[in-house]
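Here, residue 1 is the first one in the sequence, and each next residue gets the next number. Atom set for the values below is all heavy atoms of this structure, side chains included, hydrogens, waters and symmetry mates excluded. Counting convention: from 1, in listed order, for ligands and their atoms alike.
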Amino acid sequence: MAMKDYQVKRMFESIAFSYDFQNSFLSLRRDTYWRRVMAQCLHLPGEASVLDMATGTGEVAVEICRHHPRAKVIGVDFSPKMLTVGREKKKFKKFASRIHLSLGDGRQLPFQSGSFEAATIAFGIRNIEEREQALREFYRVLKPGGQLLIMEFDIPNDPLLGGIYRLYFDYLLPPLGNLLSRTNYAYSYLATSVHDFPTEREFLQEIGRAGFVSPGVKRLTYGVAKIFRGIKHARS
Ligand SMILES: C[S@@+](CC[C@H](N)C(=O)[O-])C[C@H]1O[C@@H](n2cnc3c(N)ncnc32)[C@H](O)[C@@H]1O
């Protein structure tokens, strides 16, 4: 069952302090690799402003700074505790002059239209009930020609791999994740929300409906994670 936004916020507030460890442990450190690839997929014109929505503890923002030495990143999230954990990390401090973490809601971004060369969101769009509204907000705040990258989980298409992965994802990950996060629902919700998310084709259509052109997708680790892309029309 879908969660309301205030429930999502409460959940991340309660798991913020162990979030990075859980992610890393449960994905066998694949999450670090996925975010690195996402940062590498960004095409930035030198000094660029990048919005990282649902930035959480700022992992994507850090990767972007690592790979794009002249980029500045604004990381936005509606969970104050996730942002606090982010600011206190050693690797964040290394790039602190180029990353600004700020409270905000992806459904109504506190930025003027045409503010950013690129926008990213990793493992966040699935949690936003008004997803199409969030996509329209991305479109609004991007400059013409700006690039949107969205990373989300999925199940591998291959029937054998998909079947094996589902055993892990549906039966092992929820109890293990719930135990690590000391909740009885956070990782059960993860599995449900991934299954409830639109198919690859449907989501590419949603990206197109928000106004983006050249939609595309890059599958990582046999399709366990996917990076969706859209470009804001250069003449809009
Ligand atoms: C699974 S975490 C992903 C964090 C980070 N992007 C990463 O790669 O680890 C999802 C984040 O989305 C944030 N979030 C969910 N809905 C949001 C909304 N409507 N506006 C802002 N942040 C939101 C949550 O607070 C949480 O920090």
Side-chain angles (χ1 to χ4, degrees), residues 2-27 29-39 41-42 50-66 73-87 89 91-92 99 101-111 118-138 141 148-154 173 177-178 180-181 183 185-194 196-197 220-221 224-228:
M3 269 200 210
K4 297 280 169 213
D5 291 283
Y6 72 90
Q7 294 172 309
V8 170
K9 180 173 171 182
R10 200 161 56 200
M11 177 177 79
F12 283 104
E13 285 286 281
S14 70
I15 67 172
F17 291 102
S18 51
Y19 173 83
D20 284 335
F21 168 74
Q22 290 150 32
N23 256 349
S24 200
F25 181 79
L26 294 168
S27 71
R29 282 190 64 80
R30 287 287 82 189
D31 63 322
T32 313
Y33 160 73
W34 295 331
R35 293 194 193 88
R36 193 188 322 138
V37 175
M38 189 183 204
C41 286
L42 277 179
V50 182
L51 167 67
D52 180 43
M53 243 307 293
T55 194
T57 61
E59 288 286 313
V60 172
V62 166
E63 279 308 314
I64 294 171
C65 286
R66 226 195 281 280
V73 185
I74 297 193
V76 174
D77 202 285
F78 69 2
S79 161
K81 281 195 186 149
M82 292 289 275
L83 296 178
T84 300
V85 172
R87 285 189 192 103
K89 287 195 291 200
K91 61 179 160 186
F92 174 82
I99 305 177
L101 296 184
S102 167
L103 264 184
D105 194 314
R107 296 165 295 175
Q108 202 170 6
L109 290 170
F111 304 110
T120 53
I121 177 166
F123 313 119
I125 196 91
R126 178 174 36 84
N127 299 305
I128 303 180
E129 243 195 319
E130 295 93 343
R131 192 173 52 243
E132 300 212 14
Q133 161 75 16
L135 290 174
R136 284 195 296 274
E137 276 294 86
F138 277 127
V141 300
L148 170 67
L149 294 182
I150 300 176
M151 184 143 69
E152 260 316 334
F153 291 116
D154 206 348
L173 178 109
N178 289 343
L180 288 175
S181 64
T183 66
Y185 66 96
Y187 283 78
S188 312
Y189 164 72
L190 168 67
T192 313
S193 61
V194 169
D196 288 348
F197 196 70
L220 305 174
T221 318
V224 165
K226 290 179 176 174
I227 300 174
F228 294 90

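- Each of I121, V73, V60, L83 was scored for a side-chain contact (heavy atoms from CB on, under 4.5 Å) with T55, with one residue passing: L83.
- The pair K9-D5 does not count as a salt bridge, with every side-chain nitrogen at least 4.0 angstrom from each carboxylate oxygen.
- For ligand 1, the polar-atom distance check finds an N/O of G106 within less than 3.5 Å of one of the ligand's N/O atoms.
- Taking every non-hydrogen atom of M53 and a distance limit under 4.0 Å, the qualifying atoms of ligand 1 come out as 20 (N), 21 (C).
- When heavy-atom distances to ligand 1 are checked against a 4.0 Å cut-off, T55 comes that close only through its backbone atoms N, CA, C and O.
- The closest heavy-atom contact to atom 23 (C) of ligand 1, among the options Y6, F153, F123, F78, comes from F78.
- The nearest heavy-atom contact from the protein to atom 19 (N) of ligand 1 is D105 OD1, 3.1 Å.
- Inclusion of R35 in the set of residues having an N or O under 3.5 Å from an N or O of ligand 1 is warranted.
- Applying the 4.0 Å criterion to heavy atoms of S79 picks out, from ligand 1, the atoms 25 (O).
- The pair R10-E13 does not count as a salt bridge, with every side-chain nitrogen at least 4.0 angstrom from each carboxylate oxygen.
- The CD1 atom of I150 sits 9.5 Å away from the CZ atom of R131 when rounded to the nearest 0.5 Å.
- In terms of N/O distances under 3.5 Å, ligand 1 is not approached by M82.
- The closest non-hydrogen atom to atom 4 (C) of ligand 1, taken over G104, A134, A54, comes from A54.
- Salt bridge R107/E129: absent, no basic N to carboxylate O contact under 4.0 Å.
- S79 places a side-chain N or O within donor-acceptor distance of the main-chain N or O of M82, the cut-off being under 3.5 Å.
- Where the criterion is an N or O separation shorter than 3.5 Å, residue side chain and backbone included, D77 meets it with respect to ligand 1.
- At distances below 3.5 Å, at least one donor-acceptor pair connects side-chain atoms of N178 with backbone N or O atoms of A186.
- Ligand 1 has a nitrogen or oxygen under 3.5 angstrom from a nitrogen or oxygen of Y19.
- Below 30°, between 30° and 60°, or above 60°: for F123 and F153 the angle between ring planes is below 30°, a parallel geometry.
- Close N/O approach between E59 and ligand 1 is not found [any backbone or side-chain N/O within under 3.5 Å].
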